[in-house]
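First comes the structure, then the notes that go with it.
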Amino acid sequence: MSTPIVEIRNVAFAYSGDSVIKDVSLNIWPEDYIAMIGPNGGGKTTLLKLILGLLKPDTGVIRVMGQSTQKASSCIGYVPQDVHINRSFPITALDLVLMGKLAPKKRWARNSASNRREAMAALEQLEMAPRATKKIGELSGGQLQRVFIARALVTKPKLLLLDEPTASIDTKGQADFFKLLGELNKDLGILVVSHDLLAISRYVKSVACVNKGLHYHKQAEITGDMLETMYPCTDEEWCPVELVAHGLPHRVLKNH
Amino acid sequence: MIDALQFEFMRNALVAGLLASVICGIMGTLVVVNRIVFLSGGIAHAAYGGIGLAFYFGWPYLPSTIGFSLIAAMVMAAVSLKAKHRADTIIGVIWALGMAFGIILLDLTPGYNVDLMSYLFGSILTVPKSDIMIMLFMGVLISILVAYYYKDLLALSYDEEFAQIRGVHVKGLYFALIGMLAVTIVMVIQVVGLILVIALLTIPPFIVEKHAKSLVQMMVGSSLLGSLFTITGLWLSYRYNLTSGASIIMVSGVAFLISMVIERMELYSRIKNK
């Protein structure tokens with residue numbers, strides 16, 4: 001564990017003059033399971049795009065596996081926020097997963113048998129193998145979500161990035177979903193974005209609050225049962241929240 | 001239909017129509033899934049400016065038309081990448097300007113009168129052999145290019161962001177796609193006319209999309225369906241002495257309506273069965 005998967009150092013980014021991310025530093029390690037939370041417009045998605053190399057930081061450095069983000073973007077499996085876009089597109093679950101095997105310089109329409117096997121294995125891991133030949137329009141939101149994760153997994157990533165993956169899943173589904181990620185976390189690091197400040201599963205090991213800046217809460221800190229406190233996520237705004245839950249565990253963050 | 005084929009012009013018309021159907025089936029699939037139907041319309045109309053240039057300056061017809069449409073298409077592609085929310089407006093402007101520019105140049109060309117109707121509806125019944133050879137060559141070239149870049153095109157069409165992360169040169173590929181589209185449109189318009197090109201680019205892929213499980217299936221299905229429309233339309237135009245291009249489009253339009261009705265009925269019966 002000498003180098004982190006992702007190393008973010010003093011990164012700032014602005015969209016046409018409007019500062020979105022300011023002085024963010026974070027290391028992500030292979031064993032991490034981080035939930036990234038924060039208000040809408042707080043810069044969560046921007047930070048993801050910076051890590052993926054889709055955007056370039058104005059100042060500061062981001063390194064992935066010690067390389068530049070452009071070069072190393074294949075080390076990161078990405079599950080986009082909106083899986084419902086293009087629902088009517090003529091593509092099967094299996095072909096969608098095979099898209100993860102896309103590599104420059106490998107042309108022609110045919111997919112190799114080994115790629116197909118890998119794609120099927122990824123679908124199997126996510127219990128989606130029986131639906132491999134279904135068109136994506138015939139799958140439910142939760143099923144499609146799993147297919148997208150399978151697509152991210154066949155890229156053999158060191159880190160899985162998920163942007164608000166639970167938006168289209170009901171509460172029971174969400175619990176299962178975070179558990180599933182917990183399973184995957186045995187093999188790779190996970191960074192999951194959520195705008196839902198309260199719905200963070202106990203499988204999550206640490207929490208990063210993003211609102212322009214970033215506050216990182218380690219495991220030890222967030223297991224404290226401080227039910228009487230509030231849920232602060234920003235320096236300026238305080239969101240008083242009453243936690244209602246049946247039984248433990250609960251998780252409350254200290255003041256920044 | 002068989003007795004119609006004893007005329008050479010009917011045989012040529014049939015072959016030209018089938019080739020146009022196949023080319024439009026392949027490109028139309030990419031047009032429909034990438035939602036660039038409006039952009040295709042823009043290219044097709046702006047190409048008229050190229051025709052005007054060719055006649056006014058006495059330049060060779062095909063190179064100047066293709067050159068002009070390529071430039072117009074690249075501008076439209078750049079705008080649709082840079083300013084997505086304003087793209088349709090800018091395309092509309094180029095669409096209208098290109099067409100007007102062409103017509104004014106033709107007005108200024110002394111002693112020449114190009115028939116606008118033949119540009120719109122083509123002259124499929126007077127297609128020379130040389131045009132058929134050009135279309136055949138184009139069809140083969142497009143098939144090879146699309147097969148070679150298939151995975152990249154699929155990723156670009158379905159999930160541009162993911163394609164970029166996987167190392168696909170998204171912008172270059174997009175410009176290449178639009179460029180290929182511009183060349184295709186100009187060549188096929190020559191033969192079957194602007195209106196039929198738009199119809200063949202959109203109607204068959206739209207009908208097939210719901211039933212296809214992959215882009216390849218959609219391309220093959222659209223080509224077959226377009227061919228069926230072409231054959232039926234040509235037969236009707238021969239039998240009842242109608243304009244051939246318009247007949248093919250009417251057949252496509254009726255098929256489009258029928259597919260919509262069938263889809264509605266399926267939806268209705270599914271709801272009822274629940």
Side-chain angles (χ1 to χ4, degrees), chain A residues 45 48-49 51-55 64 69-112 115 132-138 147-148 151-152 154-155 157 161 163, chain B residues 25-26 28-35 82-84 142-173 176 204-222 259 263 266-267 270:
Chain A
T45 302
L48 279 198
K49 288 190 173 170
I51 295 174
L52 287 165
L54 293 172
L55 296 173
V64 176
T69 47
Q70 249 92 10
K71 272 190 195 151
S73 64
S74 59
C75 297
I76 299 176
Y78 173 55
V79 181
Q81 180 171 1
D82 193 1
V83 297
H84 295 284
I85 200 161
N86 270 338
R87 234 10 223 286
S88 62
F89 199 95
I91 188 171
T92 60
L94 181 62
D95 283 342
L96 185 63
V97 177
L98 278 166
M99 206 183 277
K101 277 284 159 203
L102 189 71
K105 311 257 150 42
K106 273 196 180 169
R107 305 261 189 243
W108 299 108
R110 279 206 67 77
N111 288 295
S112 70
N115 279 353
T133 55
K134 286 261 184 280
K135 241 177 113 169
I136 54 165
E138 300 167 37
V147 174
F148 269 83
R151 180 181 75 168
V154 290
T155 66
L161 285 190
D163 196 356
Chain B
I26 295 170
T29 294
L30 292 169
V31 165
V32 167
V33 295
N34 277 290
R35 304 196 178 103
K82 273 248 150 129
K84 271 200 171 112
I142 286 172
S143 308
I144 292 174
L145 280 175
V146 168
Y148 185 66
Y149 288 104
Y150 181 78
K151 285 183 206 162
D152 301 52
L153 285 168
L154 172 66
L156 170 77
S157 311
Y158 181 71
D159 191 342
E160 190 188 316
E161 212 169 53
F162 190 81
Q164 200 177 338
I165 295 169
R166 295 305 304 164
V168 176
H169 198 319
V170 167
K171 275 189 188 149
L173 190 65
F206 182 83
I207 297 176
V208 173
E209 188 183 31
K210 289 181 275 299
H211 309 285
K213 277 190 159 184
S214 66
L215 278 189
V216 181
Q217 276 186 17
M218 190 168 158
M219 287 170 182
V220 174
S222 308
S259 87
E263 196 193 342
E266 277 174 2
L267 199 70
R270 215 178 303 154

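Bear in mind that the values here come from a model prediction, so they are computed numbers and not experimental data. Chain naming here is simple, since letters A, B, ... match the order of the sequence lines and numbering starts at 1 in each.
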Notebook entry, point to check: Step by step, would you call A:Leu98 with B:Lys151 a side chain to side chain contact (heavy atoms under 4.5 Å, CB included)?
Noted result: CA-CA 9 Å; A:Leu98 278 166; B:Lys151 285 183 206 162; over 6 Å; no
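- Taking each heavy atom of B:Glu161 and A:Tyr78 in turn, the nearest pair found is OE1-OH, 3.3 Å.
- Within the 4.5 Å cutoff, the side chain of B:Asp159 has heavy atoms near those of the A:Phe148 side chain.
- Proximity to chain A is absent for every atom of B:His169, based on heavy atoms less than 4.5 angstrom apart.
- Note: A:Thr155 leads A:Asp95, A:Ile76, A:Thr155 in heavy-atom pairs under 4.5 Å with chain B.
- The two residues A:Phe89 and B:Glu209 come nearest to each other via the heavy atoms CA-OE2, 4.4 Å.
- For the set A:Gly100, A:Ala152, A:Gly137, the entry with the most heavy-atom pairs within less than 4.5 Å of chain B is A:Gly100.
- With respect to B:Lys213, the side chain to side chain contact (heavy atoms under 4.5 Å, CB included) criterion is satisfied by exactly one of A:Thr133, A:Ile136, A:Ile91: A:Thr133.
- With a threshold of 4.5 angstrom between heavy atoms, B:Ile144 approaches chain A through its backbone and through its side chain.
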Next item on the list: Just do the side chain to side chain contact (heavy atoms under 4.5 Å, CB included) check on B:Gln164 and A:Leu52 with the steps written out, would you?
Entry: CA-CA 10 Å; B:Gln164 200 177 338; A:Leu52 287 165; over 6 Å; no
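- B:Ala212 approaches A:Pro90 most closely through the heavy-atom pair O-CB, 3.5 Å.
- Proximity to chain A is absent for every atom of B:Thr29, based on heavy atoms less than 4.5 angstrom apart.
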